[in-house]
Trainee: 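Input: one structure, supplied below.
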Amino acid sequence: MAGMARAARPEKTPAQIYAAQVARLAVRSLYHELCLYPKPGLVSLVDNGSHDDMDALTFMRSLFSLRHYFRKICLAGWDNAPFAQLRQLGIDAEAAMLRATRGINTHRGAIFSLGLLCASAGRARAQGMASAPASLRAVLLIRWGAELASHAAVRPAEQHSSNGLRVAARYAVSGAREEGALGLPSVFEVGVPALQTATARGASRRCARIDTLYALMAHVSDSNVYHRAGPEGARLVRQHAQHFLALGGTRHVRWHALALQGHRSFVSLRLSPGGAADLLAASCLVQALGATGQ
Ligand SMILES: CC(C)(COP(=O)(O)OP(=O)(O)OC[C@H]1O[C@@H](n2cnc3c(N)ncnc32)[C@H](O[C@H]2O[C@H](COP(=O)(O)OP(=O)(O)OP(=O)(O)O)[C@@H](O)[C@H]2O)[C@@H]1O)[C@@H](O)C(=O)NCCC(=O)NCCS
Ligand SMILES: Nc1ncnc2[nH]cnc12
């Protein structure tokens, strides 16, 4: 109304400003993973890979639904929230993702690992620490390590309640829970070093991400691969990734053709390394947080 002063918006606190920045980086990391091509068996902007129930639009809806979650969990970390509170935010985010995708699990692994990283970034920043990879991991383990370890111990009522738990019971392999309990070793010991090495030798961002995805596929016990194709599928994924890396990865002149060939054969076998894809996004987030230099 003319002549009436509009109420001033309350100033954003440093925590709110930082959490918004971290959430943008988390969503961007998931977007970079989605756009990357060729990724063996995985959904991209080009095709649906080994998936007939989801495409790039499903992933876009999913990652858009997660933007407030990443902001909230970063703020919770800043406020030194207990693990139960982080977990509840993750459960709510899974529900939002499933509403956005009409019931399809696009980002459950990412909600867990990138969520923990956003919380750790918030906690580190509140304590005046830099968001370098080593600090993020130390904060994650020191603040929530014990609770993450007990989260990894499956209670009888939970057994067989998810693909990951069914796979763990059937093949005695680890998955997202163990990753969390150990402070995301695949991210800090495989993904981030692979990104750093590729960047240091002057690789483009795209090539650095392709090489990192392959390094993760060669290393990770991916419950999504076991769920779809058992130990034989897991062996094929590891073998393809090790072969690609042994040839020099994206330094090989024919890397694109090799990766396309892998993509086609993964699709014909319905293989999908979704866990490695999530961990690639998590590694990109750690690299981006480190690059903020704060
Ligand atoms: C800890 C949880 C994430 C629970 O995990 P759980 O052990 O119960 O297993 P899943 O529910 O199966 O989910 C685990 C997802 O994690 C990804 N993943 C797989 N291996 C690893 C690994 N070694 N390290 C890290 N992450 C890994 C993987 O995500 C990708 O696969 C998805 C597709 O999965 P799925 O639906 O099984 O596949 P389809 O083939 O489509 O199945 P069908 O339709 O054919 O049946 C894809 O979306 C990727 O994201 C696994 O899916 C967690 O649920 C939990 O405790 N949550 C609490 C809340 C929370 O997240 N809190 C966060 C802060 S604490
Ligand atoms: N691009 C992708 N395709 C299939 N599953 C995934 N999980 C995470 N990212 C994925």
Side-chain angles (χ1 to χ4, degrees), residues 29-37 39-56 58-60 62-63 66 69-70 72-73 76-77 81-95 97-98 101 103-120 140 144 147-148 151-152 154 158-169 173-182 184-187 190-191 213 216-217 219-229 233-234 266 270-282:
S29 302
L30 291 174
Y31 180 69
H32 290 320
E33 182 273 301
L34 174 64
C35 294
L36 197 64
Y37 181 83
K39 298 188 299 269
L42 294 162
V43 176
S44 70
L45 301 185
V46 177
D47 62 42
N48 300 352
S50 304
H51 295 266
D52 40 27
D53 60 349
M54 54 189 178
D55 59 16
T58 326
F59 273 88
M60 291 296 285
S62 173
L63 63 91
L66 298 178
Y69 160 65
F70 291 129
K72 285 182 197 161
I73 200 163
F83 178 72
Q85 199 176 320
L86 306 188
R87 183 164 178 268
Q88 189 54 50
L89 288 170
I91 290 169
D92 295 346
E94 280 181 18
M97 169 193 79
L98 293 173
T101 61
I104 295 165
N105 169 17
T106 38
H107 283 127
R108 179 167 291 144
I111 289 172
F112 185 63
S113 50
L114 276 80
L116 288 173
L117 289 168
C118 291
S120 304
L140 175 61
W144 296 291
E147 291 159 296
L148 278 163
H151 183 61
V154 181
E158 281 181 315
Q159 254 169 13
H160 309 291
S161 62
S162 69
N163 289 339
L165 292 178
R166 275 187 286 276
V167 155
V173 290
S174 61
R177 288 166 194 259
E178 288 74 13
E179 262 297 314
L182 297 172
L184 305 177
S186 301
V187 172
V190 179
L213 176 64
L216 288 163
M217 282 162 49
H219 166 88
V220 168
S221 143
D222 191 322
S223 64
N224 199 221
V225 172
Y226 277 91
H227 159 63
R228 284 179 164 226
F266 273 41
R270 269 194 88 248
L271 289 169
S272 175
D278 287 336
L279 294 165
L280 168 66

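Values below: all heavy atoms of this structure, side chains included; hydrogens, waters and symmetry mates excluded. Atoms within a ligand are numbered from 1 in the order they appear, just like the ligands themselves.
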Trainee: Polar contacts were defined as any N/O atom of the residue lying under 3.5 Å from an N/O atom of the ligand; does this apply to Y69 and ligand 1?
Mentor: no
Trainee: Please report whether ligand 1 has a polar contact with H51, defined as an N or O pair separated by less than 3.5 Å (distance criterion only).
Mentor: no
Trainee: Counting non-hydrogen protein atoms only, what is the nearest one to atom 36 (O) of ligand 1? Give residue, atom name and distance.
Mentor: N105 ND2, 2.8 Å
Trainee: Count the heavy atoms of every other residue, nucleotide or ligand shown that sit under 6.0 Å from OH of Y37, and state whether that count exceeds 12.
Mentor: yes
Trainee: How does L89 reach ligand 1, if at all, at less than 4.0 Å between non-hydrogen atoms: by side chain, backbone, both, or neither?
Mentor: neither
Trainee: For atom 6 (C) of ligand 2, what's the nearest protein heavy atom and its distance?
Mentor: F59 CZ, 3.6 Å
Trainee: Might you check, step by step, whether the distance between atom 22 (C) of ligand 1 and some protein heavy atom is under 4.0 Å?
Mentor: yes
Trainee: Taking only non-hydrogen atoms of H151, do any sit less than 4.0 angstrom from ligand 1?
Mentor: yes
Trainee: Quick one: does H107 get a heavy atom under 4.0 Å from ligand 2?
Mentor: no
Trainee: Considering only protein heavy atoms, which is closest to atom 16 (O) of ligand 1, and at what distance to one decimal place?
Mentor: G109 CA, 3.3 Å
Trainee: Nearest protein heavy atom to atom 45 (O) of ligand 1, by residue and atom, and its distance?
Mentor: H227 NE2, 3.5 Å
Trainee: Any N or O on S221 sitting closer than 3.5 Å to an N or O of ligand 1?
Mentor: yes
Trainee: Using a 4.0 Å heavy-atom threshold (strictly under), name the region of T106 that reaches ligand 2: side chain, backbone, both or neither.
Mentor: backbone
Trainee: Between D222 (side chain) and G275 (backbone), is there a donor-acceptor pair under 3.5 Å?
Mentor: yes
Trainee: Should R270 be counted as touching ligand 1, given the test is an N or O pair under 3.5 Å?
Mentor: no
Trainee: Of all the heavy atoms in E94, does at least one lie under 4.0 Å from an atom in ligand 1?
Mentor: yes
Trainee: Would G115 count as a contact of ligand 1 if the rule is a heavy atom under 4.0 Å away?
Mentor: no
Trainee: Does an N or O from L279, backbone or side chain, lie closer than 3.5 Å to an N or O of ligand 1?
Mentor: no
Trainee: With only distance considered, is D278 within less than 3.5 Å of ligand 1 through an N or O on each side?
Mentor: yes
